[in-house]
Amino acid sequence: MSSKKITKYDLVEAVYLNTKAEKKLVQEIVENLLLQLKESLKSGNTIELRGFGTFEARLRKGRSKARNPKTGEQLSVAPHYVAAFRSGQELKKSLWELPVENSGAN
């Protein structure tokens with residue numbers, strides 16, 4: 001399976017072509033959806049999209065002896081939240097059904 005990066009523009013274009021709705025309206029809807037997802041996560045909510053997956057904010061512990069991989073400099077990282085995604089059963093099943101190419105990678 002060859003991998004291609006899909007951008008927000010590509011998503012808007014795909015929805016526009018599939019729905020024949022006004023492109024500007026589709027763009028506003030996609031932008032608003034993403035904004036609502038972000039705001040819900042910032043409020044501490046979990047977002048469950050049945051058949052697709054669950055988005056949530058998870059707390060990462062702080063570390064006093066972290067290291068910048070680029071410079072090797074030791075630094076301290078405070079506890080912070082990160083976005084996390086768990087795929088739903090339908091999404092998992094659909095990905096399991098994809099044919100696997102023999103790439104030689106382990």
Side-chain angles (χ1 to χ4, degrees):
M1 174 172 85
S2 64
S3 173
K4 179 188 176 218
K5 185 186 295 187
I6 303 296
T7 64
K8 190 176 357 177
Y9 174 83
D10 296 327
L11 291 174
V12 169
E13 192 69 24
V15 172
Y16 165 70
L17 292 173
N18 285 327
T19 62
K20 302 296 183 203
E22 251 186 72
K23 194 171 196 176
K24 188 162 181 76
L25 176 63
V26 171
Q27 184 175 2
E28 288 175 16
I29 291 169
V30 169
E31 291 283 347
N32 199 289
L33 173 66
L34 296 175
L35 176 65
Q36 294 305 316
L37 290 172
K38 183 166 63 169
E39 292 301 320
S40 290
L41 288 174
K42 284 172 59 176
S43 297
N45 297 323
T46 298
I47 302 157
E48 182 179 314
L49 304 173
R50 296 199 185 243
F52 185 73
T54 303
F55 295 91
E56 62 187 357
R58 289 191 190 147
L59 180 63
R60 297 250 343 231
K61 292 189 293 185
R63 297 188 305 167
S64 59
K65 295 184 178 181
R67 187 171 302 280
N68 181 335
K70 193 171 190 177
T71 65
E73 174 188 4
Q74 192 171 10
L75 49 101
S76 179
V77 177
H80 59 280
Y81 284 93
V82 294
F85 175 75
R86 285 189 323 261
S87 59
Q89 289 298 321
E90 288 179 36
L91 179 59
K92 284 181 188 177
K93 186 178 180 198
S94 69
L95 293 177
W96 269 86
E97 294 170 354
L98 288 174
V100 178
E101 296 175 5
N102 188 4
S103 63
N106 290 345

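If you read the sequence from its start, that first residue is 1, and numbering goes on from there. The basis for the numbers below is simple: all heavy atoms, side chains too, and nothing from hydrogens, waters or symmetry mates.
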May I have all residue pairs that pass ring pair (Phe, Tyr, Trp, His ring centres under 6.0 Å) and include part of residues 14-34, sequence neighbours excluded? none

Partners passing side chain to side chain contact (heavy atoms under 4.5 Å, CB included) against S76 (at least two apart in sequence or in another chain): none

Could you give the side-chain donor-acceptor pairs of residues 23-33 under 3.5 Å, partners two or more places apart or in another chain?
unit_1	atom_1	unit_2	atom_2	d
K23	NZ	E13	OE1	2.5
E31	OE1	K8	NZ	3.4
E31	OE2	K8	NZ	3.2

With sequence neighbours excluded, residues passing side chain to side chain contact (heavy atoms under 4.5 Å, CB included) with A66: R63, L75, V77

Return each pair, listed once, that meets salt bridge (charged side-chain N to carboxylate O under 4.0 Å, His left out) where at least one residue sits in residues 72-100; pairs must be two or more places apart or across chains. E56-R86

Remaining members of V82's ILVMFWY cluster at a side-chain heavy-atom cut-off under 4.5 Å? none

Least distance between heavy atoms, R67 atom then G72 atom: NH1-O, 2.7 Å

For L11, all residues meeting side chain to side chain contact (heavy atoms under 4.5 Å, CB included), sequence neighbours excluded: I6

Quick one: list whatever passes side chain to side chain contact (heavy atoms under 4.5 Å, CB included) with F85, sequence neighbours left out. F52, F55, S87, L91

Kindly write out the residues that satisfy side chain to side chain donor-acceptor pair (under 3.5 Å) with S64, not counting sequence neighbours, or none if the list is empty. none

Single-linkage hydrophobic cluster L34~L49, side-chain heavy atoms < 4.5 angstrom: yes

Working to the nearest 0.5 angstrom, can you tell me the gap between N68 CG and Q74 CD? 11.5 Å

Please collect all side-chain hydrogen bond (donor to acceptor under 3.5 Å, both in side chains) contacts where either partner lies in residues 36-50, sequence neighbours excluded, each pair once. E48-R50

